[in-house]
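Taking it in order: structure first as structure tokens, then the write-up.
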Amino acid sequence: NATSTQTLVVRNSVLKRSGLFDVSLKRFQDWDLMIRVAQITPFIFLPEPMVVIFATPGNISSVVQNDAISSERILEKYADLFAKVPEFSARNHYITARIWQKLNEQKKARPHLKKAFHLQPRLRSLAFLLRGYLG
């Protein structure tokens, strides 16, 4: 997810076709939206910074548990798309697992670590998987 809604320039008709924001997500609504927009139309990515974002206490981004919950939901919601690019799937499962681990939720991290390792066997993933079982 390299998008931020502050930087989007997209036709209203494309947004309406995409289904707009998924209000059930606690985080990553922009990522979810862009996955759906990408299924409708090609787009370009400008690598230059377009906005500066300031993290403030109490904002939607400050609740780390919401990152893991929403990431899990997106992985489930778009499992068919992630299956087409296993390295992206592995990376996102790994990221989700690491969030759970940082929250000391090893049991919730394990399935994501297993999936990441299965999709892309790496020593680093194996180390974190073992950590999830050994503490």
Side-chain angles (χ1 to χ4, degrees):
N1 178 25
T3 62
S4 181
T5 51
Q6 303 95 314
T7 63
L8 296 179
V9 179
V10 60
R11 293 186 185 278
N12 189 34
S13 60
V14 172
L15 285 177
K16 286 181 180 177
R17 270 183 64 200
S18 72
L20 303 174
F21 288 113
D22 180 347
V23 296
S24 71
L25 291 172
K26 296 176 184 252
R27 280 276 276 132
F28 306 133
Q29 299 91 344
D30 51 355
W31 180 23
D32 176 71
L33 176 65
M34 292 315 301
I35 290 171
R36 286 181 279 117
V37 167
Q39 305 313 301
I40 296 170
T41 186
F43 60 93
I44 61 169
F45 174 77
L46 302 175
E48 299 85 19
M50 304 306 285
V51 297
V52 176
I53 298 172
F54 295 97
T56 55
N59 68 12
I60 192 172
S61 303
S62 64
V63 182
V64 179
Q65 186 174 5
N66 289 343
D67 292 1
I69 292 167
S70 296
S71 183
E72 283 181 340
R73 175 72 184 113
I74 288 172
L75 283 165
E76 292 168 8
K77 190 174 179 179
Y78 301 107
D80 58 329
L81 293 175
F82 280 106
K84 293 178 183 177
V85 190
E87 60 269 20
F88 289 160
S89 183
R91 181 176 184 273
N92 283 287
H93 277 286
Y94 176 76
I95 290 168
T96 303
R98 293 293 294 134
I99 296 167
W100 282 124
Q101 284 186 324
K102 287 177 184 176
L103 292 167
N104 292 317
E105 295 277 2
Q106 299 300 333
K107 193 172 184 178
K108 292 180 180 180
R110 288 178 197 142
H112 295 288
L113 288 168
K114 286 179 186 178
K115 184 76 171 179
F117 186 72
H118 173 75
L119 291 168
Q120 200 169 38
R122 290 193 172 168
L123 186 56
R124 182 174 162 179
S125 297
L126 180 60
F128 283 109
L129 180 60
L130 291 173
R131 177 181 165 193
Y133 282 100
L134 303 176

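Residues: numbered from 1 along the sequence shown.
One hydrophobic cluster holds both I40 and M34 under the rule that ILVMFWY side chains link at heavy-atom gaps under 4.5 Å. Linking ILVMFWY residues whenever their side-chain heavy atoms come closer than 4.5 Å, directly or via other members, places L20 and F43 in the same cluster. By the criterion of side-chain heavy atoms lying less than 4.5 angstrom apart, applied directly or through intervening Ile, Leu, Val, Met, Phe, Trp or Tyr residues, L103 is grouped together with I69 in one hydrophobic cluster. One hydrophobic cluster holds both Y78 and L25 under the rule that ILVMFWY side chains link at heavy-atom gaps under 4.5 Å.
When all heavy atoms are compared, the tightest approach of A90 to A116 is O-CB, 3.5 Å. When all heavy atoms of A109 and Q101 are compared, the pair lying nearest together is CB-CG, 3.6 Å. The minimum heavy-atom distance linking T96 with A68 is given by the pair CG2-O, 3.9 Å. Contact detail for S89 and L75: the closest heavy-atom pair is O-CD2, 4.4 Å. Of all the heavy atoms in Y94 and L113, the pair that sits closest is CD1-CD2, 4.2 Å. When all heavy atoms of H112 and K108 are compared, the pair lying nearest together is CD2-O, 3.4 Å.
Put simply, the side chain of I35 reaches to within 4.5 Å of the side chain of W31, judged on heavy atoms. At least one side-chain heavy atom of F82 sits under 4.5 Å from a side-chain heavy atom of I74. Contact check for R91 versus I95: side-chain heavy atoms found under the 4.5 Å cut-off. With contacts defined as side-chain heavy-atom distances shorter than 4.5 Å, the pair E72/W100 qualifies. Side-chain atoms of T5 and Q29, non-hydrogen and from C-beta on, never get closer than 4.5 Å to each other. Within the 4.5 Å cutoff, the side chain of T41 has no heavy atoms near those of the R17 side chain.
Rounding to the nearest 0.5 Å places CG of L46 at 8.5 Å from OG1 of T7. Here the straight-line distance linking atom CG of D22 with atom CZ of F28 works out to 13.5 Å at 0.5 Å rounding. Rounded to the nearest 0.5 Å, atoms NZ (K102) and CD (Q65) are 15.0 Å apart.
Summarising the local packing, NZ of K26 is surrounded by 12 or fewer heavy atoms from other residues, nucleotides or ligands at distances under 6.0 Å.
Between D32 and R36 a salt bridge is recorded (basic side-chain N to carboxylate O distance below 4.0 Å).
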